[in-house]
Amino acid sequence: MPAPNIDTIVSLAKRRGFVFPSSEVYGGLGSAWDYGPLGVELSNNIKQSWWRWLVYDRDDIEGIDSSIILNRLVWKYSGHEATFNDWLVDCRNCKDRSRADKIVDNKCPKCGASDFTEARPFNTMLQTRLGAVADDDPAALAYLRPETAQGIFINFLNVQTTMRRKLPFGIAQVGKSFRNEVTPGNFILRTREFEQMEMEYFVSPTAEHSKLVDYWVEQYLEWFSSLGLIRENLYLYEVPGEELAHYSKRTVDIMYRYFPEREKPWEELMGIAWRTDFDLSTHSKNKLDEEGKRINPDSTEDLSYFDEPTKQRFYPHVIEPAAGVNRTVLAVLMDAYSEKTNDKGETRVILKLSPQLAPIKAAILPLAKNKPEIVGMAKAIKRSLQPVLRAVYDDTGGIGKLYARQDEIGTPFCVTVDHQSLEDEAVTVRDRDTWEQERVKVSDLAEHLQKRLKPYPVPPPEPH
Ligand code: ATP
């Protein structure tokens, strides 16, 4: 039973230290959020899982970390300056401003009227100025990147030559992106500052691009299921031609059921796009247009590739799976949410996070906090586990309350040190999902927990 709505997660996230409204002491900043002690662990675990899965487990992907602020020309030639627009309409009745593509049944989301102004473009790149310059000096204008992808494209040759890569191969990057969203909202689903996990998979112009899109869709469905997402809560959306971005020949969005309570429950979790050779050619100095003119007189490099077997030079095509960290965090929290009633008829929240994602893997709890031997033993166990897994010590309540707290934040195991532990050098290990308890020797504890903490099974990535 996943969470019934996003509000349930907002309240849990704030109550238990996953996510806080940002700048709260000054009344907040519309739709900006800060990740708390548990949220940062969860989001780091998602990013690490992704990085391990693509960069370590496979043999055909490298990682990079490029700048957030790039030369403005990158955004000119990528097409973002001219086309990275949202289309805006104003409601003539209540003056509310909306994204034209988000209007349902031609009704204003605020007042329900159907009287809108003509749609007009609004560029959603966030601007900044570099250096100590006058406010209106156009040469100082720069953008905070709206996608991490361009940092990958402009480094294509650097990575390919230094790592001696041959096609097909990919470059992965995770990091912040910024968009001046017209209508941010729905918690961490749509914010102006967010994090992306993007991978550009470079292939030959004659590769079977559409099949590769399907291949990456399948790979991501498997990865999401290893994170604990329920397959029925994911839906594949074949983006129709008129909605495709200027660089894309085909895009499939993986949608998640963020709004189970609504008639239209789906929003995009990620997109997998065939970006053709658009990006590498547009940044290249030798690419000519139909009239034989250079399309990019500013570039000093040619991002083409020489294919040894066919002795041909070309601009590689790209398949891009682009996922959002924050939307993954939200989906994971929603699907992990469950409630269970105990013997006393009390309803408890249990966050059934995949063990690999749980912010804390084991909580070490002393049964009696006024017994120095028990407390000392519990603290020593915490320290001994720390090098192999994230553990915490907690003695701030009775054992029932401590268990309930750990269940609510998704800790897979509670380890209780009691009077008998002092005699038999053993502890009780309690399972979050079944509430079953097992007695384990302290000397076997690290190995015992590590074995049980294995991530949900995910088949090894298959080469295509
Ligand atoms: P949407 O249609 O929801 O605005 P998009 O199609 O513009 O999304 P992409 O450009 O495909 O999004 O970006 C890839 C991924 O980055 C998205 O699938 C999403 O997970 C994430 N993302 C994009 N914009 C935001 C945002 N404003 N807040 C949080 N995550 C975002």
Side-chain angles (χ1 to χ4, degrees), residues 50-51 53-64 66 78-80 146-160 163 165-175 177 196-224 234 236-241 243-255 268-284 287 303-305 307 310 312 314-325 327-328 458-464:
W50 182 78
W51 194 264
W53 170 57
L54 289 183
V55 181
Y56 296 176
D57 291 352
R58 297 181 62 108
D59 299 320
D60 55 355
I61 296 179
E62 304 283 355
I64 64 161
S66 71
S78 70
H80 284 78
E147 61 172 26
T148 65
Q150 294 303 322
I152 297 180
F153 296 128
I154 57 176
N155 276 296
F156 167 73
L157 268 193
N158 288 336
V159 175
Q160 191 251 319
M163 307 314 281
R165 282 291 182 177
K166 299 215 175 337
L167 294 187
F169 75 94
I171 304 178
Q173 162 155 246
V174 51
S177 291
Q196 292 185 306
M197 301 175 277
E198 294 196 297
M199 196 272 287
E200 306 302 323
Y201 199 71
F202 299 98
V203 298
S204 140
T206 56
E208 292 185 276
H209 306 110
S210 210
K211 271 197 183 156
L212 280 164
V213 170
D214 294 332
Y215 165 80
W216 281 108
V217 168
E218 284 308 313
Q219 292 291 299
Y220 269 77
L221 288 175
E222 281 177 11
W223 181 64
F224 284 131
L234 297 171
L236 300 181
Y237 176 65
E238 183 77 44
V239 177
E243 283 179 28
L244 288 175
H246 61 278
Y247 48 70
S248 172
K249 274 249 174 81
R250 183 183 174 209
T251 298
V252 176
D253 287 343
I254 301 184
M255 317 286 276
E268 179 181 325
L269 169 61
M270 71 169 300
I272 293 124
W274 167 23
R275 286 181 80 131
T276 67
D277 60 357
F278 173 83
D279 298 277
L280 290 184
S281 21
T282 195
H283 292 305
S284 288
K287 174 79 179 176
L303 305 179
S304 59
Y305 171 86
D307 188 50
T310 60
Q312 284 191 343
F314 51 74
Y315 297 103
H317 280 230
V318 154
I319 312 296
E320 173 198 74
V325 175
R327 290 189 191 181
T328 307
V458 58
E462 280 180 30
H464 58 273

Give, for atom [atom1] of [X] and atom [atom2] of [Y], the distance between the pair rounded to the nearest 0.5 Å.
X	Y	atom1	atom2	value
L167	D307	CG	CG	6.5 Å
L303	D277	CG	CG	11.5 Å
E62	N158	CD	CG	12.5 Å
S284	D279	OG	CG	10.5 Å
L212	I319	CG	CD1	5.0 Å
L54	Q219	CG	CD	9.0 Å

Neighbour count >12 (heavy atoms, 6.0 Å) for atom CD, E243: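 Yes, enclosed.
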Just wondering, more than 12 heavy atoms not from Y237 lying within 6.0 Å of its OH?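 Enclosed: over 12 neighbouring heavy atoms sit under 6.0 Å from OH of Y237.
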In sequence, state the C-alpha distance, the side-chain angles, and the governing distance for E238 and R250, and then conclude on side chain to side chain contact (heavy atoms under 4.5 Å, CB included). CA-CA 8 Å; E238 183 77 44; R250 183 183 174 209; 2.8 Å; yes
Can you check whether Y220 and W53 have ring centres sitting under 6.0 Å from each other?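 Between Y220 and W53, the centre distance is under 6.0 Å.
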In sequence, state the C-alpha distance, the side-chain angles, and the governing distance for E320 and Y247, and then conclude on side chain to side chain donor-acceptor pair (under 3.5 Å). CA-CA 11 Å; E320 173 198 74; Y247 48 70; 4.8 Å; no
Quick check: does any side chain N or O of Q160 sit under 3.5 Å from a backbone N or O of R165, one acting as donor and the other as acceptor?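 Present.
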H209 side chain vs S204 backbone, donor-acceptor pair below 3.5 Å: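 Yes, because the side chain of H209 sits within donor-acceptor range (under 3.5 Å) of the backbone of S204.
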What's the verdict on side chain to side chain contact (heavy atoms under 4.5 Å, CB included) for M270 and M197, showing C-alpha distance, side-chain angles and the deciding distance? CA-CA 9 Å; M270 71 169 300; M197 301 175 277; over 6 Å; no
Minimum side-chain heavy-atom gap [X]-[Y] below 4.5 Å:
X	Y	answer
L236	V217	yes
H283	F156	no
T328	F224	yes

When F169 is tested against each of Y305, Y201, F202 for ring-ring contact (aromatic ring centres under 6.0 Å, His included), which residue passes?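 Between F169 and the candidates, ring-ring contact (aromatic ring centres under 6.0 Å, His included) is satisfied uniquely by F202.
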Would you call E147 and R275 a salt bridge, using N to O less than 4.0 angstrom?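 Salt bridge present between E147 and R275.
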